[in-house]
Amino acid sequence: MKKKRTGEGIDEFKGLIENNYYYFDKTKYIEDICDNFKKSILFTRPRRFGKTLNLSTLKYFFDIRKAEENRELFKDLYIEKSEYFKEQGQYPVIFITLKELKSLNWEEMIGDIKVLISRLYSSYKYLIDDLDELTLILFKSYIMKNSDISELKEALVFLIGLLYEKYNKEVVLLIDEYDTPLITANQKGYYKEAIDFFRSFFSSALKTNQYLKIGVLTGIVQVAKENIFSGLNNIITYNILGDKFETFFGLSEEEVENALKYFELEYKLEDVKKWYDGYKFGESEVYNPWSILNYINWKELKAYWVNTSDNALIYDKLNFSNKDIFDDLETLFSGTEIKKNISPYFTFEELNNYGGIWQLMVYSGYLKICENLGDDDYTLKIPNYEIQTFFRKGFIDRYLAGENNFKSLIQSLLEGNIEKFERELQNIFLVNTSFFDMGEEKVYHSFFLGMLIFLRDKYEVTSNKENGKGRYDILLKPLNKINPAYIFEFKIAENEKDLDKKSEEALKQIKDLKYDIGLKELGINKIYRVGVAFKGKEVKIKYEII
């Protein structure tokens, strides 16, 4: 029998099943969805963790239209043998995704919302024959994109009422990526207008709606209830911190093992774990499904997921980060956990605070929860090698003039060509304008973090640790003792004329304070003492070898 294909990028359940793609059976969770009838549920998970596909599965399960045809889609799946299968094809369904609402300004957003609602209503044209004259006018205005803002706010609740009148059955409402327009609005500067609109848009449809069977929403973050879901007492959130629906999104280890076995790749399990495992939803270890499917298809271990989503918000916050954030990044890049307070609710106002970036990284999938310490305190770390590559490439591209430039810099250092190393470092300073937007103190921290990321497989990279009679700036201690060690001391010159003097001072400090003491005793036969001075975009290096 011909093997199934991997369906990466296909988030429509019917297309996946009918075209014989490999499907991770998540239909058991339909039982839990049914147990939450008359409530509204919000699931928050990182991008590409199966949110849209799972909502599509619910659409084809519940939809009263083409019920018999859709019934065949669930043949041989878990839910077919469940007592809950009686719910299949019993309800009218509205499925809407907001993932494309990424407008540059509020006026453009309103236009895009009108297009979205027009497409939604166009798929229900069959209702027109049953509408009275006044209702028909409003229905057509949605299709023709003539509705005003107050009418747009009521678009979902109006359609729910029409469907209930048509079928005399309560409606299932599925909203995908509910927070995308809010995240975009926060970035582009029209958050107030967006939050005012979508508060009414969601609440009118979900709040004590007698015609609603269940509302299911997905997103990345849970925007604080007082901001978006005010007055909605019946909404239940299942986020990455909770202990329910843990593997509804993402893949369990058993699912990954079965898939690798099916595609005859099970001998790679340990490598796959290193690259794509490490997420923790509730108490369950979870794999990234997008990366697993791409790995199975291409049979190459590399970063797939980190190249799929917009990381601009994280980069923007790093641009304005302080020394404490860089210190925490240093800890993370060294493979160690950090402790942070992670709220189950998320406000975009928090992004302006010190802790906001950690909230964003956790909910976006760039950091994993390790341990719950109580009172919303958690230990965090980088989940897997794929995310390490994001930090490596993303951080170096952003702050150190790109991976190729930095790789050339590091290669010069490892070859002992310090003169070329100086030229390469000067070049990075000259071409990377954002380097100095951070302030001169962060230049040093960025440089150190780049080394930490790039050399962790060859060197133990440490910063600001006591040795000899003081604290060195950076020490590169080789894991293989046949390689040399490097000690760096950095100085900031008051003007360019002082660069030579300051680099000499830095070198002298390494010698006088004996920062290299004990390295020879470890069996390291070659040590580079490197004094670096910079002012603005000019750099000067003095060094010696012992």
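Basis for what follows: all heavy atoms, side chains included, without hydrogens, waters or symmetry-related copies.
For Gln359 against Asn341, the heavy-atom pair with the smallest separation is NE2-O, 3.6 Å. Smallest separation of non-hydrogen atoms from Tyr363 and Ile220: O-CG2, 3.4 Å. Among all heavy-atom pairs drawn from Ala533 and Lys502, the shortest one is CB-CB, 3.6 Å. The two atoms that bring Phe24 and Glu255 nearest to each other are CE2-O, 3.6 Å, heavy atoms only. Considering every non-hydrogen atom in both Gly15 and Asn19, the closest pair reads O-ND2, 2.8 Å. When all heavy atoms of Ser252 and Thr247 are compared, the pair lying nearest together is CB-CG2, 4.1 Å.
Atom NZ of Lys501 has 12 or fewer neighbouring heavy atoms from other residues, nucleotides or ligands inside a 6.0 Å radius. Within 6.0 Å of atom NZ in Lys481, more than 12 heavy atoms from other residues, nucleotides or ligands are found, so the atom counts as buried in its surroundings. For Asp375, the CG atom counts as loosely surrounded, since its 6.0 Å shell holds 12 or fewer non-hydrogen atoms of other residues, nucleotides or ligands. Around NZ of Lys508, the count of heavy atoms belonging to other residues, nucleotides or ligands within 6.0 Å does not exceed 12. Residue Lys192 qualifies as open at atom NZ: its count of foreign heavy atoms under 6.0 Å is 12 or below. With a 6.0 Å radius and a threshold of 12 heavy atoms from other residues, nucleotides or ligands, Glu494 has its CD atom at or below the threshold.
Tyr238 does not carry Lys244 over the face of its six-membered ring by the limits of under 6.0 Å from the centre and within 45° of the normal. Cation-pi check for Lys3 over Tyr262 is met; the charged atom lies under 6.0 angstrom from the ring centroid and within 45 degrees of its normal.
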**Prompt:** When you look at Lys273 and Glu285, which way does the salt bridge (Lys or Arg N to Asp or Glu O under 4.0 Å) test go after all the steps?
**Reply:** CA-CA 10 Å; Lys273 282 176 67 71; Glu285 288 285 332; over 6 Å; no

**Request:** Begin with the C-alpha distance, continue with both residues' side-chain angles, and end with the deciding distance and a verdict on side-chain hydrogen bond (donor to acceptor under 3.5 Å, both in side chains) for Tyr287 and Glu253.
**Result:** CA-CA 7 Å; Tyr287 288 74; Glu253 185 155 305; 3.2 Å; yes

**Request:** Show your working on side-chain contact (heavy atoms from CB on, under 4.5 Å) between Tyr472 and Asn464 and close with a plain yes or no.
**Result:** CA-CA 5 Å; Tyr472 55 79; Asn464 197 32; over 6 Å; no

**Request:** Kindly determine whether Lys340 and Val362 satisfy side-chain contact (heavy atoms from CB on, under 4.5 Å), including the steps that lead there.
**Result:** CA-CA 10 Å; Lys340 295 295 167 188; Val362 168; over 6 Å; no

**Request:** Output, in order, the C-alpha distance, side-chain angles, deciding distance and verdict of side-chain hydrogen bond (donor to acceptor under 3.5 Å, both in side chains) for Glu424 and Ser408.
**Result:** CA-CA 7 Å; Glu424 297 282 359; Ser408 179; 2.7 Å; yes

**Item:** Test side-chain hydrogen bond (donor to acceptor under 3.5 Å, both in side chains) applied to Asp176 and Thr97, step by step
**Value:** CA-CA 4 Å; Asp176 186 38; Thr97 180; 3.1 Å; yes

**Request:** Could you walk me through whether Leu476 and Tyr528 pass the side-chain contact (heavy atoms from CB on, under 4.5 Å) test, one step at a time?
**Result:** CA-CA 10 Å; Leu476 307 183; Tyr528 285 80; over 6 Å; no

**Request:** Could you please spell out the steps behind the side-chain contact (heavy atoms from CB on, under 4.5 Å) verdict for Phe333 and Val461?
**Result:** CA-CA 10 Å; Phe333 292 169; Val461 186; over 6 Å; no

**Prompt:** Run the salt bridge (Lys or Arg N to Asp or Glu O under 4.0 Å) check on Glu415 and Lys420 step by step: do they pass?
**Reply:** CA-CA 10 Å; Glu415 291 172 354; Lys420 185 180 179 184; 5.3 Å; no

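Less than 6.0 angstrom separates the ring centroid of Tyr279 from the ring centroid of Phe49. Between Tyr23 and Phe13, the distance from one ring center to the other falls under 6.0 angstrom.
Under a 3.5 Å cut-off, the side chain of Asn467 and the backbone N or O of Tyr515 do form a donor-acceptor pair. A distance-only check finds a donor-acceptor pair linking the side chain of Asn384 to the backbone of Ile387 [under 3.5 Å]. With Tyr486 contributing its side chain and Leu413 its backbone, the two residues share a donor-acceptor pair below 3.5 Å.
Below 30°, between 30° and 60°, or above 60°: for Tyr366 and Trp305 the angle between ring planes is between 30° and 60°, a tilted geometry. Using cut-offs of 30° and 60° on the angle between ring planes, the pair Tyr276 and Tyr295 is tilted. Ring geometry for Phe245 versus Phe43: interplanar angle over 60°, hence perpendicular rather than tilted (30 to 60°).
Between Arg529 and Asp516 there is a salt bridge, since a side-chain N of the basic residue sits under 4.0 Å from a carboxylate O of the acidic one. Using a 4.0 Å cut-off between a side-chain N of Lys or Arg and a carboxylate O of Asp or Glu, Lys542 and Asp500 qualify as a salt bridge.
For the pair Val530/Ile541, a side-chain contact is recorded, criterion being any heavy-atom separation below 4.5 Å from C-beta on. Counting only heavy atoms from C-beta outward, the side chains of Ile338 and Thr336 never approach each other to under 4.5 Å. Looking at heavy atoms from C-beta onward, Ile113 lies in side-chain contact with Met109 at the 4.5 angstrom threshold. Contact of the Ile369 side chain with the Leu380 side chain is registered, since non-hydrogen atoms from C-beta on lie closer than 4.5 Å. Between Ile492 and Phe534, some side-chain heavy-atom pair lies under the 4.5 Å cut-off. Side-chain contact check for Phe198 versus Pro181: some heavy-atom pair is nearer than 4.5 Å.
In this structure, OH on Tyr21 lies 8.0 Å from CG on Leu16, to the nearest 0.5 angstrom.
Among the candidates Arg48, Lys99, Lys51, the single residue satisfying the salt bridge (Lys or Arg N to Asp or Glu O under 4.0 Å) test with Asp11 is Lys99.
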